[in-house]
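Notes for the one structure printed next.
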2 protein chains.
Amino acid sequence: MFDELDFQGHIPIYSQLVDRIKRLVATGVLKPGEQLPTVRKMATELRVNLNTIARAYRILDEEGVLSTQQGRGTYVLQPMLPEKGLPPRMAALEGMTKSFLERAYQVGFNPDEVSLLLDELLAAWREDGMPPKSKS
Amino acid sequence: MFDELDFQGHIPIYSQLVDRIKRLVATGVLKPGEQLPTVRKMATELRVNLNTIARAYRILDEEGVLSTQQGRGTYVLQPMLPEKGLPPRMAALEGMTKSFLERAYQVGFNPDEVSLLLDELLAAWREDGMPPKSKS
DNA sequence: CAGGAGACATACAATTAGTACAATAATACA
DNA sequence: TGTATTATTGTACTAATTGTATGTCTCCTG
């Protein structure tokens, strides 16, 4: 469930984890009250240091997504509903968007190309109520 | 692999490095995802200052050939430059974009919100020549 | 003889890893 | 049943590895 990390890209592992878990919580894959893998288990699975996992958990704890307690474990707190927390919500979108644009820029695209394609895909989203399915 | 620099000629070392690495990537000697020597390792090998290596890496990063990140290292990116393979290039952008939109959708955003923010960030990109830096 | 570009020296910052510690839960045993 | 022991779990501190930022020196060029 968590094993799709990019070790070569420009996004730190802990940051990738934060995004991934946020999404899993937001989409209901991880339900409130559910326990996440322990830092050690997750660390050995992903072959990173346990502190890297702990860092992601701590960030999510501070953001109110998870609740971690020494000796007990890490649990899902609240589903991140669109209604709650507007400023952090927009900040999240901004982060996602910036990192998407940066990636596009780095692999050689220009704003017009991106804009053109986005217009198309956004229109499809408006029509269908959901964005076009991506392969991943 | 990198130890054929010309210290006598009048082509700057960083420039020689940029050309050399570009060629190695283009010819497939350096494969996507592969990590390059750290700036320090390369610097001691070639007996130049680490900033000279860093400069070459930075240029290649800006050109989308490499991806460097503080604390992690420098890696070869996927070659998606306009020169090679136009259809796969756009397909790559489409993939990136779809997966970005899907994420936004899953976290609870609607097309208008995404569109609004994108207009803003794309405008900034056009103005500055590069997209706004993301924190991550 | 300025001006600037290239290279260098040095200090800084970010990410990840190694190790020991502390809090909680589970178990063993009298 | 009560308490001691062990296991489990997150935390704190430190170190190692990596790229970045800033200032200085030198050399070439006009």
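Numbered from 1 within each chain, the chains take letters A, B, ... in sequence-line order. All figures in this text were calculated on a predicted structure; none of them were measured in a lab. Because only heavy atoms are used, hydrogens play no part in the values below, and waters and symmetry mates are left out as well, while side chains stay in.
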Residue pair A/Tyr75 / A/Leu66, side-chain heavy-atom distance below 4.5 Å | no
Would you mind reading off the distance between [X] atom [atom1] and [N] atom [atom2], rounded to a whole angstrom?
X       : N      : atom1 : atom2 : answer
A/Arg72 : D/dT9  : CZ    : P     : 12 Å
B/His10 : C/dA5  : NE2   : P     : 17 Å
B/Tyr14 : C/dA5  : OH    : P     : 9 Å
B/Leu50 : C/dA13 : CG    : C1'   : 14 Å
B/Gln35 : C/dT16 : CD    : P     : 12 Å
B/Ile59 : D/dT20 : CD1   : P     : 12 Å
B/Leu17 : C/dC8  : CG    : C1'   : 15 Å
B/Asp61 : D/dA21 : CG    : P     : 11 Å

Between D/dT18 and B/Thr68, is there an OP1 or OP2 to side-chain N/O distance shorter than 4.0 Å?
-> no
Tell me whether the OP1 or OP2 atom of C/dC8 has a side-chain N or O from B/Thr52 closer than 4.0 Å.
-> yes
Checking contacts here: which listed nucleotide ([options]) is nearest the side-chain heavy atoms of [X]?
X       : options                : answer
B/Gln70 : C/dG6, D/dT20, C/dT15  : D/dT20
B/Arg40 : C/dA11, C/dT19, D/dG10 : C/dA11
B/Pro12 : D/dG10, C/dG6, D/dG19  : C/dG6

Comparing B/Ser15 with A/Gln69, nearest DNA chain C nucleotide closer to 5' gives the residue B/Ser15
For B/Gly71 and B/Arg47, take the nucleotide of DNA chain C holding the closest heavy atom to each; which residue's nucleotide lies nearer the 5' end?
-> B/Arg47
Give the minimum heavy-atom separation between A/Leu77 and A/Ser67, together with the two atoms involved.
-> CG-CB, 3.7 Å
What are the two closest non-hydrogen atoms of A/Gly73 and A/Gln35, and how far apart are they?
-> CA-NE2, 3.8 Å
Is B/Lys98 salt-bridged to B/Glu94, cutoff N-O under 4.0 Å?
-> yes
Could a donor-acceptor pair under 3.5 angstrom be found where the side chain of B/Asn51 meets the base of C/dT10?
-> yes
Has the side chain of B/Asn49 got a donor or acceptor that lies under 3.5 Å from a partner of the other kind on the base of C/dA9?
-> yes
Which part of the nucleic acid, if any, lies within contact of [X], taking any heavy atom under 4.0 Å across all strands shown: a base, the sugar-phosphate backbone alone, or nothing?
X       : result
A/Arg55 : base
B/Ile13 : sugar-phosphate
A/Arg58 : nothing

Working for side-chain contact (heavy atoms from CB on, under 4.5 Å), residues A/Leu122 and A/Arg126 | CA-CA 6 Å; A/Leu122 281 169; A/Arg126 288 196 181 89; 4.0 Å; yes
Whichever of B/Gly73 and A/Thr38 has its nearest DNA chain D nucleotide further upstream toward 5' = A/Thr38
Can you check whether B/Arg23's main-chain N or O pairs, donor with acceptor, with B/Thr27's side chain at less than 3.5 Å?
-> yes
